[in-house]
There are 2 protein chains.
Amino acid sequence: MNLGRDDVGAVLVALADPTRRHLLDTLAETGQASATALADRLPVSRQAVVKHLNVLLDAGLVSSGRAGREVLYQVRPEPLDESARWMADLAAAWDRRLHAIKRAAERRPM
Amino acid sequence: MNLGRDDVGAVLVALADPTRRHLLDTLAETGQASATALADRLPVSRQAVVKHLNVLLDAGLVSSGRAGREVLYQVRPEPLDESARWMADLAAAWDRRLHAIKRAAERRPM
DNA sequence: TCTTTGTGCAACCCTAGGGTTGCACAAACT
DNA sequence: AGTTTGTGCAACCCTAGGGTTGCACAAAGA
């Protein structure tokens, strides 16, 4: 069931792959699905799906739980808006920096 | 001077690499720097830095401009909070989906 | 002019990782 | 019992891409 493995880096790596994003989309719309079920809806093999799910698992973007003989996966939003915050903060920091530089340049115009 | 190449995918790929994030950090704090200058402050060769800068360029995360014989790079926040918004929206969508499913399950308890 | 110093281009090395197939095992179903 | 169906494990292929070195060329500086 592994709980939130934070770390923005892992999330970025996980989301960088298009197949993985596609996988997340279909998983989000089905709400709950096994690896084989997901493989049916994607243009890749089950094993490929499993590998991707593992990457997503330790980025905390999905959680897994057993139901009988099958393993069901589910999407987890938390690390996503944690990363969103991280990005927004970074963007803000860059903004401040750039404005500071611009002001300095205007004060001493070459 | 290439302007905003939006596309979230490119941004994610660009940010997925740790060296690239490090590069962006140092570039943000120096405000303005050439590839060689950046290479001095990183544990990699200039050519490696150049390659990374190109990736960042077509993600729109940096802009470049010539000053005499050297090319100066600069950080660009826009695509960053565009991506931040994208992530936040996605997280919100997932949230809605999960709650909808939960409600449905409570209405019809197995 | 000669010498530095920053770019650009190209070839190359090597691992990470996205993809596959095959098989063994366990849980359901008949 | 025997048969299906979903997982797990392992070996394997192959390209993308992160890293390097070497060299040619142009722009500053001496």
Side-chain angles (χ1 to χ4, degrees), chain A residues 1-2 5 7-27 30-74 110, chain B residues 1-2 5 7-27 30-74 110:
Chain A
M1 256 306 174
N2 71 33
R5 264 279 304 80
D7 191 24
V8 181
V11 174
L12 292 171
V13 170
L15 293 179
D17 183 79
T19 308
R20 226 128 53 198
R21 288 196 297 270
H22 189 188
L23 183 50
L24 285 173
D25 282 342
T26 62
L27 185 54
T30 56
Q32 178 122 329
S34 69
T36 21
L38 287 166
D40 289 341
R41 310 195 45 185
L42 292 191
V44 294
S45 72
R46 174 184 61 100
Q47 286 304 332
V49 171
V50 171
K51 288 191 188 178
H52 284 307
L53 284 171
N54 285 329
V55 175
L56 294 170
L57 266 176
D58 69 46
L61 287 167
V62 303
S63 62
S64 66
R66 197 148 209 138
R69 83 175 140 176
E70 56 190 332
V71 179
L72 294 180
Y73 294 86
Q74 195 174 336
M110 26 214 100
Chain B
M1 253 310 174
N2 70 35
R5 264 279 305 82
D7 189 23
V8 181
V11 175
L12 292 171
V13 169
L15 292 178
D17 183 78
T19 307
R20 225 127 56 198
R21 288 196 298 269
H22 189 188
L23 182 51
L24 285 172
D25 282 342
T26 61
L27 185 54
T30 55
Q32 179 123 328
S34 69
T36 23
L38 288 166
D40 290 340
R41 310 195 47 184
L42 293 191
V44 293
S45 74
R46 174 184 61 100
Q47 286 303 332
V49 170
V50 171
K51 288 191 189 177
H52 285 306
L53 284 171
N54 285 329
V55 175
L56 294 170
L57 267 176
D58 69 47
L61 288 167
V62 303
S63 62
S64 66
R66 196 148 209 139
R69 85 175 137 177
E70 56 190 334
V71 180
L72 295 180
Y73 294 87
Q74 196 175 336
M110 30 211 95

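Heavy atoms only: backbone and side chains are in, while hydrogens, waters and symmetry mates are out. Each chain gets a letter, A, B and so on, in the order the sequences are listed, and its residues count up from 1.
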Inset, instruction - Please report, rounded to the nearest Å, how far the P atom of dT7(C) is from the OH atom of Y73(B). - result: 7 Å

Inset, instruction - Measure from the side-chain N and O atoms of R20(A) to the backbone N and O of A14(A), and report whether any donor-acceptor pair falls under 3.5 Å. - result: yes

Legend entry - Any T36(A) side-chain nitrogen or oxygen under 4.0 Å from OP1 or OP2 of dT5(D): no

Inset, instruction - Mind calculating the distance between CZ (R20(A)) and C1' (dA16(C)) to the nearest angstrom? - result: 12 Å

Inset, instruction - With the side chain of E70(B) defined as its heavy atoms from C-beta on, choose the nearest nucleotide among dG6(C), dG19(D), dT20(C). - result: dG6(C)

Inset, instruction - Output the distance between atom CG (L61(A)) and atom CD (Q74(A)), rounded to the nearest 0.5 Å. - result: 13.0 Å

Legend entry - Of the listed nucleotides dG19(C), dG8(D), dT20(D), the one nearest the side chain of H52(A): dG19(C)

Inset, instruction - Please tell me which of the listed nucleotides, dT20(C), dT7(C), dG19(D), lies nearest to the side chain of S45(A)? - result: dT20(C)

Legend entry - Distance, nearest 0.5 Å, that separates CG of L23(A) from CG of L56(A): 6.0 Å

Inset, instruction - Measure from the side-chain N and O atoms of R21(A) to the backbone N and O of A16(A), and report whether any donor-acceptor pair falls under 3.5 Å. - result: yes

Legend entry - Nearest to side-chain heavy atoms of D17(A), which nucleotide of dT20(C), dG18(C), dT7(D): dG18(C)

Inset, instruction - Ignoring the backbone of A48(A), work out which of dT20(C), dG22(D), dT7(D) is nearest its side chain. - result: dT20(C)

Legend entry - Quiz item: K51(B) side-chain donor-acceptor pair to dG19(D) base, under 3.5 Å: yes

Inset, instruction - Please report, rounded to the nearest Å, how far the P atom of dT7(D) is from the CG atom of L57(A). - result: 13 Å

Inset, instruction - Would you mind classifying the nucleic acid contact of V50(B) as base, sugar-phosphate or nothing, using non-hydrogen atoms under 4.0 angstrom? - result: nothing

Inset, instruction - Using whole Å, report how far CZ of R69(A) lies from C1' of dT4(D). - result: 7 Å

Legend entry - pair S64(B)-L53(B): side-chain heavy atoms closer than 4.5 Å: no

Legend entry - Euclidean distance, atom CG of residue N54(B) to atom P of dA16(D) [Å, nearest integer]: 18 Å

Inset, instruction - Round to a whole Å and report the spacing from CG of L38(B) to C1' of dT7(C). - result: 14 Å

Inset, instruction - To the nearest 0.5 angstrom, please state how far the CZ atom of R46(B) sits from the CG atom of D40(B). - result: 11.0 Å

Legend entry - Watson-Crick or G-U wobble partner of dC13(D), both distances under 3.5 Å: dG18(C)

Legend entry - Comparing A67(A) and A37(B) on DNA chain C - which has the more 5′ nearest nucleotide: A37(B)

Inset, instruction - Mind calculating the distance between CD (Q47(A)) and P (dA10(D)) to the nearest angstrom? - result: 12 Å

Inset, instruction - Report the distance from atom CG of L72(B) to atom C1' of dA27(D), rounded to the nearest whole Å. - result: 14 Å

Legend entry - Given DNA chain D, 5'-ward residue of the pair A35(A) and V44(B), judged by closest heavy atom: A35(A)

Inset, instruction - Among the candidates dC9(D), dT7(C), dT20(D), find the nucleotide nearest to the side-chain atoms of R46(A). - result: dC9(D)

Inset, instruction - Examine dT7(C): is either OP1 or OP2 under 4.0 Å from a nitrogen or oxygen in the side chain of S34(B)? Give yes or no. - result: yes

Inset, instruction - Check whether any side-chain nitrogen or oxygen of R66(B) sits under 4.0 Å from OP1 or OP2 of dA27(D), and answer yes or no. - result: no

